[in-house]
Number of protein chains: 2
Amino acid sequence: MVRQTKENAELTRQRIIEAAREVFLSRGVSRTSIEQVANQAGVTRGAVYWHFSDKKALFSAMREQVILPLIDRIDENILNENNDDPLGKIGDFLYGTIRALDESAYTRQTFEIMMVKCEYVEELTELLEQTLCNCERIAKKIEQLYERAKTKGQLNPSDSPAILAMDTHLFFSGLMHLWVKDLDSKHYRNQAADLITNHINLRRK
Amino acid sequence: MVRQTKENAELTRQRIIEAAREVFLSRGVSRTSIEQVANQAGVTRGAVYWHFSDKKALFSAMREQVILPLIDRIDENILNENNDDPLGKIGDFLYGTIRALDESAYTRQTFEIMMVKCEYVEELTELLEQTLCNCERIAKKIEQLYERAKTKGQLNPSDSPAILAMDTHLFFSGLMHLWVKDLDSKHYRNQAADLITNHINLRRK
DNA sequence: TTGTTTACATACATTATTGAATGTATATTA
DNA sequence: TAATATACATTCAATAATGTATGTAAACAA
């Protein structure tokens, strides 16, 4: 097998990304060699180097496959201008993100790689900055929803949307981290919904 | 220089740990070779291997130097049974931890290494579990303080200490992560105190 | 004072990994 | 249908990293 059709080439590209996820997950990004990825994908290093210039490009591709849909969710969710429970909407949005991790193994695994199986140094530091940037966008969106909640009278009048949003943002960052690290589902994964509900209810007037 | 006194040997051991922290910080744990650490410390690989069996032992030693004092803080802080502002005490405890990072460069750098410059795979997974375990202890301590706050009537009676504690625990996990990653102090580091104060005030009756 | 251990330095053998260069059969295109 | 670009496989050259083994001079103990 020497030259594939375009479609097949795209399939092998995907196979390589999947293989990378599997090997990254068990060995960590730094310790995996291109050859290990190639073996796992059933190709040679030549194929991997054809599709990706180096390990960073491969890692970025894997990362974008799960990040981009999640970013889209942020914007989608904000479009829905008129709803009479903005506060509940915040909870829905947060839990929707957790559900995305729960329902998709490759999303979950990719997050695990990004959070605890990758070292953000040199070329990779920009990826960490991107992540921070995405967090900012989520925080902004949450703040907008809190503002609507305030006008709807759902909040305690003494609480400002900006402060509530920041608090929720930090809460959710912590939840994501602990959820991902809670591999045996003992402490966080199985009660994420309740944790979010409780967090939101603490704000309800 | 071939054989040092015991005291000097301990000094070189410390120099090696410091060197490791510097190199880990700039290159990440996986990418740093023992030789790079040795060069940074002004010794040869022989010295490093004499003091530490391998890179994991070196990393663990570096980690414990900052973790153990923080763990001690947890217990110290709980001893102080009688105080009439348990809620404020929670804020103090959280901010004290942040201050520890702020005031000690090596503590801050070690946290940065542990959080974004280390891959938790194979031999290192147990270190991640230890961290989770320490988080649990903090959460328990916070819950106890919330219970005292409840009996003191500081809380809204409809809020349970367990739920508040979990929420604070997640908030603080998120804050720690974002604080550490906020290298240019733009978003989190310079307002950590306010974030904590606001978080606590959201609970005040 | 002598023997022994310590605290390293040096040397060695082995293996892993990389990027690039080159080869090649097949899709694709004109 | 011939020319060319594609999608890989194979080979090459070079380096980097590891753990261990051995050397050694000074510290320490008796």
Side-chain angles (χ1 to χ4, degrees), chain A residues 1-62 113 117-119 121-124, chain B residues 1-62 113 117-119 121-124:
Chain A
M1 147 242 300
V2 179
R3 176 167 180 187
Q4 313 276 2
T5 67
K6 271 187 192 173
E7 298 148 16
N8 279 349
E10 179 56 28
L11 287 181
T12 54
R13 196 188 118 99
Q14 279 301 320
R15 279 222 314 280
I16 291 170
I17 291 180
E18 283 171 34
R21 179 162 22 83
E22 291 162 14
V23 186
F24 286 165
L25 190 66
S26 69
R27 310 229 339 137
V29 175
S30 287
R31 295 191 196 187
T32 75
S33 66
I34 300 292
E35 182 149 36
Q36 290 165 348
V37 173
N39 287 345
Q40 181 77 10
V43 295
T44 65
R45 277 171 55 232
V48 179
Y49 277 114
W50 171 255
H51 286 284
F52 306 95
S53 61
D54 54 11
K55 198 158 67 177
K56 183 203 170 186
L58 177 52
F59 178 66
S60 294
M62 179 199 73
I113 293 167
K117 281 146 180 6
C118 175
E119 301 177 356
V121 287
E122 322 243 321
E123 346 73 80
L124 294 184
Chain B
M1 148 241 301
V2 179
R3 175 168 181 188
Q4 314 275 5
T5 67
K6 270 188 193 173
E7 296 148 18
N8 279 349
E10 179 56 28
L11 286 181
T12 52
R13 196 188 116 99
Q14 280 302 321
R15 280 223 312 281
I16 291 170
I17 291 181
E18 283 171 35
R21 179 160 22 83
E22 290 161 17
V23 186
F24 286 165
L25 191 66
S26 69
R27 312 230 334 137
V29 176
S30 286
R31 294 190 195 189
T32 75
S33 66
I34 300 292
E35 183 149 35
Q36 289 165 348
V37 173
N39 287 345
Q40 182 76 10
V43 293
T44 64
R45 279 171 53 232
V48 180
Y49 276 113
W50 170 256
H51 286 286
F52 305 96
S53 61
D54 54 12
K55 198 157 67 175
K56 184 204 170 186
L58 177 52
F59 178 67
S60 294
M62 179 199 72
I113 293 167
K117 283 149 179 5
C118 174
E119 300 177 356
V121 288
E122 321 244 322
E123 347 70 83
L124 294 184

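Letters go in sequence order (proteins before strands), and every chain restarts at 1.
- Regarding contacts with the backbone of dA7(D), a side-chain N or O of Trp50(A) is found under 4.0 angstrom from either OP1 or OP2.
- Put simply, NZ on Lys56(B) is 18 Å from C1' on dT18(D), counting in whole angstrom units.
- When the side-chain nitrogen and oxygen atoms of Thr12(B) are compared with OP1 and OP2 of dC8(C), one or more of them lie within a distance under 4.0 Å.
- A donor and an acceptor atom sit less than 3.5 Å apart, one in the side chain of Arg3(A) and one in the base of dA27(C).
- By the 4.0 Å N-to-carboxylate-O rule, Arg31(A) lies close enough to Glu123(B) to be salt-bridged with it.
- Comparing dA9(D), dT17(C), dC8(C) by their closest approach to the side chain of Ala47(A) singles out dA9(D).
- Following rounding to the nearest Å, Lys6(A) (NZ) and dT26(C) (P) show an atom-to-atom distance of 19 Å.
- Considering every non-hydrogen atom in both Val37(B) and Ile16(B), the closest pair reads CG1-O, 3.8 Å.
- The shortest distance between the side-chain N/O atoms of His51(A) and the OP1/OP2 oxygens of dC8(D) is below 4.0 Å.
- Look at CZ on Arg31(B): it is 14 Å from P on dT17(C), rounded to the nearest Å.
- When all heavy atoms are compared, the tightest approach of Ser30(B) to Glu119(B) is OG-OE1, 3.8 Å.
- Here dA11(C) presents its P atom at 20 Å from CD1 of Ile34(B), a figure rounded to the nearest Å.
- Residues passing the salt bridge (Lys or Arg N to Asp or Glu O under 4.0 Å) test with Lys6(A), sequence neighbours excluded: none.
- At the phosphate of dA26(D), neither OP1 nor OP2 sits under 4.0 Å from any side-chain N or O atom of Thr5(B).
- Taking all atoms of both residues into account, the shortest heavy-atom contact from Thr32(B) to Gln36(B) is CA-OE1, 3.2 Å.
- Rounded to whole angstrom, the span from the CD atom of Gln4(A) across to the P atom of dT24(C) amounts to 19 Å.
- Counting any heavy atom pair closer than 4.0 Å across all strands shown, Thr44(B) reaches a base atom.
- Rounded to an integer number of Å, the gap from Arg45(A) CZ to dT22(C) P is 16 Å.
- Here dA7(D) presents its C1' atom at 14 Å from CD of Glu7(A), a figure rounded to the nearest Å.
- Rounded to a whole Å, the CD atom of Gln36(A) is 9 Å from the C1' atom of dA16(C).
- Between Tyr49(B) and Asn8(A), the residue anchored nearer the 5' end of DNA chain D, judged by the nucleotide with its closest heavy atom, is Asn8(A).
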